[in-house]
There are 2 protein chains.
Amino acid sequence: MTRPGKSSLSEHCPLAAVMGLRERKKLEAWRTIRSTALALISERGFDAVSVEDIAGASGVSRTTFFSYFPSKEAVVFDLDPLEVQQWRDLLADPRADLPLWEALTDVSLGLARLLAERLPLQKRLFEQSPELCTSSRDTCDAFEPDLKEWISRRTPDGDPLRTALVYNTAFAAFSTAIEAWDPDDSFEHFLALVRDCLRWAGAGLAHPVS
Amino acid sequence: MTRPGKSSLSEHCPLAAVMGLRERKKLEAWRTIRSTALALISERGFDAVSVEDIAGASGVSRTTFFSYFPSKEAVVFDLDPLEVQQWRDLLADPRADLPLWEALTDVSLGLARLLAERLPLQKRLFEQSPELCTSSRDTCDAFEPDLKEWISRRTPDGDPLRTALVYNTAFAAFSTAIEAWDPDDSFEHFLALVRDCLRWAGAGLAHPVS
DNA sequence: TATAGACTTGTACCGGGTCCAGCTTTCTGT
DNA sequence: ACAGAAAGCTGGACCCGGTACAAGTCTATA
């Protein structure tokens, strides 16, 4: 588009200028594998695509695939390196003024936006093979350490029990929203669901109706 | 202990008299495999014991192992057939008078008691290999259909979103209690944890302190 | 006691995941 | 610009969990 020999990557990633060739190639490979994988999987279904298929179609060896993704599931659920950065920014946002549960709702909505793009595909895959739901929870657990630390800092005395309870409950609410969302509905609908679930869970489910 | 030829099973299981030879042998095999597996695993650790090891030590073939347990993890987490019966009894208990969340707490406490015996071992295994936590959640999902239906019946209009939210949140509270429990503490301590977690989650976590 | 049906077994196979030794590519210091 | 260090890629061997299947063995039933 500009100079010849310039990787297509730089269009999507202004950081490319700063990265060495090594890093740039790595990111490019990551994205190639991911998009190839998603194409194959969304076409044939998760179980009908083997890691070899993905590796082959990506022009890479099986071994290399596993050097980029720790498991077959990860290629569906892992965040793009840039999105990981956005996730960290979300947690770093110094909105110390908000009460815990509101701040947590904000973070959840931010996370929802990060997941937005691949969510419809993921929901379709869930319907095909429910075992994947488990794996997705696994992958979401990648956020656990960061998020728990974030919660802990906002919890009186950093009480670990309370921290864990808040984390797990928020996670439950978030998962419920994902479960309940119909990919045919708008994305705003999904955000509303996330908000509602967190509000209800935060307000307490013991009351007959909220 | 009494008449010769009488299976040791009948001491534990008065139903044995009613069961045919087939069923009795099956239950006996199930228990042999389970206890052999737990012995090996608690000694060497989960990953260091293969299904072949278990099958071999149980005097049974690998194929047969998988006809009793759907996965290697299941041999650690599945409920004894008799316990499954107790679980169903728990759900059938017609305490329609209690409000949903209290009734749910009762059910959770009942479940806790069913899990009691193997919980210390399971917690030790969790520490060794955190991947197992996931599998345990999997296995607990075996309760999901029953429990969701149970909740749905007690939810206004059987609203599926609310049902899912209640289920997931209760599950989160229960898991938190399991996470937080130290196997060196008494079992009553664990029950108290379950109660507390459910109470807090039910009362709403958005409040600064409960 | 014979037969239908359940249970077991060995074997072969698939696919995910790890390990390793050797090769190619990029980076760094001079 | 070049040499050596370091990082990355590759194929192949291997382990293990899980499934399929055909053949055998045992229990139930009439």
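Order of the sequence lines sets the chain letters (A, B, ...), proteins ahead of strands, with each chain counted from 1. Note that the structure is a prediction, hence the values are computed from the model and not measured.
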To the nearest Å, give me how far apart CD (Glu52(B)) and P (dC16(D)) are. 8 Å

Here the distance between atom P of dC13(C) and atom CZ of Phe66(B), to the nearest Å, is 19 Å

Given atom CZ of Arg22(A) and atom C1' of dG8(D), what is their separation to the nearest angstrom? 7 Å

Do Arg62(A) side-chain and dG11(D) base share a donor-acceptor contact under 3.5 Å? no

OP1 or OP2 of dC9(D) less than 4.0 angstrom from a side-chain nitrogen or oxygen of Tyr68(A), does that happen here? yes

Using nucleotides 1-4 of chain D, report all nitrogen or oxygen pairs with the protein that are shorter than 3.5 Å.
none

Tell me the side chain to side chain donor-acceptor pair (under 3.5 Å) pairs involving residues 122-135 of chain B, sequence neighbours left out? Asp138(A)-Thr134(B)

Using distance only, find each side-chain donor-acceptor pair of residues 164-171 of chain B under 3.5 Å and give its atom names and separation, not counting sequence neighbours.
| unit_1 | atom_1 | unit_2 | atom_2 | d |
| --- | --- | --- | --- | --- |
| Asn168(B) | ND2 | Thr176(A) | OG1 | 2.8 |
| Asn168(B) | ND2 | Glu179(A) | OE2 | 3.1 |
| Asn168(B) | ND2 | Ala164(B) | O | 3.3 |
| Thr169(B) | OG1 | Leu165(B) | O | 2.7 |

Residues Arg34(B), Asp78(B); criterion salt bridge (charged side-chain N to carboxylate O under 4.0 Å, His left out); working and verdict: CA-CA 9 Å; Arg34(B) 144 87 111 225; Asp78(B) 270 11; over 6 Å; no

Rounding to a whole Å, what distance do you find between Arg24(B):CZ and dA6(C):P? 19 Å

State whether Thr64(A) places a side-chain N or O below 4.0 Å from either non-bridging phosphate oxygen (OP1 or OP2) of dT10(D). yes

Rounded to the nearest 0.5 angstrom, the CG-CZ distance for Leu193(B) and Arg195(B) is 10.5 Å

With nearest nucleotides of DNA chain D determined for Leu21(B) and Ser71(B) from heavy-atom distances, which residue corresponds to the more 5′ nucleotide? Ser71(B)

Roughly, in whole Å, what's the span from CD in Glu131(A) to P in dG18(D)? 12 Å

Count the heavy atoms belonging to other residues, nucleotides or ligands that lie under 6.0 Å from CZ of Arg88(A), then report whether that count exceeds 12. no

If you look at every strand shown and take non-hydrogen atoms under 4.0 Å, does Thr63(A) touch a base, only sugar-phosphate, or nothing? base

Do any side-chain nitrogens or oxygens of Lys25(B) fall under 4.0 Å of OP1 or OP2 in dT27(D)? yes

Closest-nucleotide 5' rank along DNA chain D - winner of Phe65(B) and Ala29(A): Ala29(A)

For Phe69(A), which contact category applies under a 4.0 Å heavy-atom criterion: base, sugar-phosphate, or nothing? nothing

Does any part of the side chain of Val51(A), heavy atoms only, come nearer than 4.5 Å to the side chain of Val75(A), both counted from C-beta? no

Are the side chains of Leu79(B) and Arg118(B) in touch, meaning some heavy atoms are under 4.5 Å apart? yes

When the distance from CZ of Arg44(B) to C1' of dC16(D) is rounded to whole Å, what number comes out? 15 Å

Decide yes or no for Phe190(A) and Leu109(A): does some side-chain heavy atom of the first lie under 4.5 Å from some side-chain heavy atom of the second? no

Do the side-chain N or O atoms of Lys72(B) get closer than 4.0 angstrom to the phosphate oxygens (OP1, OP2) of dG18(D)? no

Is the base of dG11(D) touched by the side chain of Ser61(A) through a donor-acceptor pair closer than 3.5 angstrom? no

Whole angstroms only, please: what is the CG-C1' distance between Asp47(A) and dG15(C)? 11 Å

Which whole-number value in Å describes the distance from Ile33(A) CD1 to dT10(D) C1'? 13 Å

